[in-house]
Amino acid sequence: MAENPEKNNGAAEGTPRDFIRTIIDEDLRTGKNGTRVHTRFPPEPNGYLHIGHAKSICLNFGIGLEYNGRTNLRFDDTNPSKEETEYVDSIMEDVKWLGFDWGEGLFYASDYFQQLYDFAEQLILKGKAFVCDLSAEEMRIYRGTLTEPGKESPWRNRSIDENLDLFRRMRSGEFPDGSKTLRAKIDMSSGNINMRDPVIYRIMRAHHHRTGEEWCIYPMYDYAHCLSDMLEGITHSICTLEFEDHRPLYDWVLDTLETPCHPQQIEFARLNLNYTIMSKRKLNELVTKGFVSGWDDPRMPTIAGLRRRGYTPASIRNFAERVGVAKRESIIDVALLEYSIREDLNRNAERAMAVLNPLKVIITNYPEGVIEEMEFTINPEDPEKGSRKVEFSRELWIEREDFMEEPVKGYFRLFPGNEVRFRWAYFIKCTGYKKDEATGEVTEIYCEYDPESRGGNSPDGRKVKGTIHWVSAAHAFEAEVRLYDRLFDHIDPNKPEEGKEWTDNLNPNSLTVLNNCKLEPYLKNAQPGYICQFERLGYFCADIKDSAPGKPVFNRTVTLRDTWAKVNK
RNA sequence: UGCCGGGUCGUCUAACGGUAGGACAGCGGCCUUUGGAGCCGUAUGUGGAGGUUCGAGUCCUCCCUCGGCAGCCA
């Protein structure tokens, strides 16, 4: 790898630096690791990645890119009882989709099992590790409590030879699961419980997704992680706050083994979002108990769910940047996530017209059988995209909400006697409507158009307050549209009211399926994953899974901001 | 009563010891062929008490307060 100090220091001066980048800047200045910056993203393949992981991915890979360094993707697969290849595959897909590239840096902690084992023998040889026969229960008692020191294991002073012999026999499968552990010999009276002779190897007969049945002993996280970082030459090992207490152990292992390099562990606060749960365990429960359709349900905060919902990689990266990096625990407002996707899509998504809750409009003075092609601007924010044609005719669909028999104050859409603009078409005035007397439901409305206002402007210069969207009835096709809302209606779903569970905070209206939506024909061949704005409604994405050729199903990504709805509250 | 780490606008996040700034949310206005977008304006913040200093969010002392840690999970 070309190592160019000029480039490494190219991190713009004067721009606000988070505390991690500040540390790296300083390390570069003092030459701590030469000019190298090497990070890693180390997921355990026991679930799908979520938006919180996205923050970590953007941080680690972002730093790799900014400092002209590297970033590894390393699967932390030291506990075969919980890990599966399905998760490995989804994680790689998600990282790639977010726009990051690990290059040659794809690793598995399980790649290092032999080396890790050899290091453990070295620890034994140095008198720094011992085989312990305490049961899990006994060990818990010997460990002491948060305020009281622990007691030393009766097996703590076995000879080096005995430890070596026993450890080798652990490996060769002589002892049953859980009957023995290898423990680091540190300090049972430490105030830090992680330092009270922590277990570094346990006996566990389980099928490992990569090494199969080759091993029946597996290293623990604290032991495996620091050594994996070291073996890969990681310079900055960035993790979340709950590992802060583990740093002394991280350092102890590397110091005791006198390894050739010693990565620096740096902890930051994980991402929390209001109205959202981020715990893998709970997300898993939502899936297995059928509260959602899967890990990629568009309401899930998983990368797969967000992707299916219509979020773009850029919007998530921008979100991660806005959220910032610090040690203070915080809860981000989901509105910031929504802002990020709106910002991206407003600039980049095509516009189209779709009517979700249709109401028939007949333009009584418009000739029957005539079809006009109106010029429709593809994206007003991006004039270069130009325009396309949309059919207009005598009978149209409009949104039921865009008509009121008796308007409330401030309402400036369609009502008897009022004139509005039909987007990119004509000025239209409501002259009457028909109503089903039995149900009180308005069944169709009658209007007249001003032929002089073609395109949406009147030559006499008169103005209208409202512009509404429409779809030609003869040309529309019906489609399923799913309206998604936040999965939880409680600001902190983890804190249920008394006597209730966190699942009671689920929003019963998080999904509304609409079946007779009228979409303009342009959308008929929308490819799975196609994202556009349905004018005045929001951004919608053709579902990746359920769309069929010529028969797209749309998911609402996010609504447009709606100040009218707010005024009405 | 153990160890570790936090407390800056409503929410996040900045500020060589030198005018507390930005974003989102809010509010007001302008503009608008999306009640969208955009533009302009606006209010709200250094947990507390002392101390050092010409000057403290920043340094020192004490206090208050919040979070994490007792898996053979990561």
Side-chain angles (χ1 to χ4, degrees), chain A residues 15-18 42-44 46 76-79 81-83 132 134-136 139-141 143-150 177-183 189-196 198-204 217-218 220-222 224-225 239-248 267 269 274 280 321-340 342-343 346-347 351 353 377 380-381 410-413 420-425 427 453 455-457 463-469 533-538 559-568:
Chain A
T15 60
R17 319 290 290 153
D18 56 69
E44 182 188 15
N46 68 343
D76 219 329
D77 55 354
T78 56
N79 184 356
S81 65
K82 307 206 301 194
E83 297 149 4
C132 183
L134 252 26
S135 69
M139 203 178 293
R140 191 177 59 75
I141 293 162
R143 188 156 36 230
T145 69
L146 291 177
T147 52
E148 296 158 327
D177 285 12
S179 61
K180 283 181 170 38
T181 55
L182 183 70
R183 293 226 257 164
S189 65
S190 172
N192 182 347
I193 289 178
N194 296 118
M195 300 298 269
R196 317 238 262 231
V199 171
I200 57 178
Y201 265 92
R202 76 282 215 184
I203 304 174
M204 173 168 31
I217 59 171
Y218 290 95
M220 299 289 290
Y221 167 86
D222 287 307
H225 201 90
C239 64
T240 44
L241 251 28
E242 69 270 25
F243 292 104
E244 214 156 13
D245 290 341
H246 297 243
R247 191 178 349 118
E267 311 86 11
N274 59 15
K280 266 196 212 177
E321 195 169 316
R322 283 195 181 96
V323 152
V325 182
K327 294 199 76 155
R328 168 181 8 175
E329 299 200 50
S330 61
I331 301 172
I332 307 292
D333 192 337
V334 276
L336 188 61
L337 216 211
E338 295 173 351
Y339 170 82
S340 298
R342 286 194 186 107
E343 177 196 44
N346 174 55
R347 264 199 310 262
R351 312 286 130 119
M353 292 200 288
T377 300
E381 298 294 314
Y411 185 84
F412 44 79
R413 280 113 98 167
V420 300
R421 172 166 39 233
F422 274 31
R423 180 89 156 148
W424 306 121
F427 278 17
S453 63
N457 283 306
K463 302 278 189 201
V464 288
K465 282 287 265 187
T467 298
I468 68 176
H469 62 279
Q533 181 190 118
F534 289 178
E535 288 224 342
R536 303 208 306 130
L537 297 173
T559 61
L560 257 25
R561 278 184 68 220
D562 189 349
T563 41
W564 171 244
K566 216 178 311 182
V567 167
N568 261 288

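Note on naming: letters A, B, ... go to the chains in the order of the sequence lines (proteins, then strands), and numbering restarts at 1 for each one. Everything numeric here is computed off the predicted structure, so don't read it as measured data. Both backbone and side-chain heavy atoms feed into the values below; hydrogens, waters and symmetry mates do not.
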Tell me, please, which residues at least two apart from A:D222 pass side-chain hydrogen bond (donor to acceptor under 3.5 Å, both in side chains). A:H246
Report the residues that fulfil side-chain hydrogen bond (donor to acceptor under 3.5 Å, both in side chains) with A:D245, sequence neighbours left out, ordered by chain and then residue number. none
Assign a letter to each nucleotide of nucleotides 66-74 of chain B from its 5' end: B, base within under 4.0 Å of a protein heavy atom; S, sugar-phosphate only; -, no contact. -SBBBSBBB
Detail all sub-3.5 Å separations between protein N/O atoms and N/O atoms belonging to nucleotides 24-31 of chain B.
{"residue": "B:rC24", "atom": "OP1", "partner": "A:Y339", "partner atom": "OH", "Å": "2.8"}
{"residue": "B:rG26", "atom": "OP1", "partner": "A:K566", "partner atom": "NZ", "Å": "2.7"}

Just to verify, what does A:Y339 make a ring pair (Phe, Tyr, Trp, His ring centres under 6.0 Å) with, not counting sequence neighbours? none
Quick one: side chain to side chain contact (heavy atoms under 4.5 Å, CB included) partners of A:P380, sequence neighbours excluded? A:R351, A:T377, A:R423
Any protein N or O atoms within reach of nucleotides 39-46 of chain B? Criterion: under 3.5 Å, listing atom names and distances.
none

Which residues pass the side-chain hydrogen bond (donor to acceptor under 3.5 Å, both in side chains) test with A:R143, not counting sequence neighbours? none
Reckon A:F427 touches a base, only the sugar-phosphate, or nothing at all at heavy-atom distances under 4.0 Å? nothing
With the side chain defined as heavy atoms from C-beta on, A:Q533 is closest, among B:rU34, B:rU13, B:rG36, to B:rU34
Those residues at least two apart in sequence (or on a different chain) that pass side-chain hydrogen bond (donor to acceptor under 3.5 Å, both in side chains) with A:D76 are A:H225
Once salt bridge (Lys or Arg N to Asp or Glu O under 4.0 Å) is applied, do any residues pair with A:R140, and if so which ones, sequence neighbours excluded? A:E137
For A:R247, enumerate each residue passing the salt bridge (Lys or Arg N to Asp or Glu O under 4.0 Å) test, keeping only those at least two apart in sequence or located in another chain. A:E267
Just need the stems in RNA chain B: three or more back-to-back Watson-Crick or G-U pairs, each with both distances under 3.5 angstrom, sorted by first number. B:2-7 with B:64-69, B:10-13 with B:21-24, B:26-30 with B:38-42, B:47-51 with B:59-63
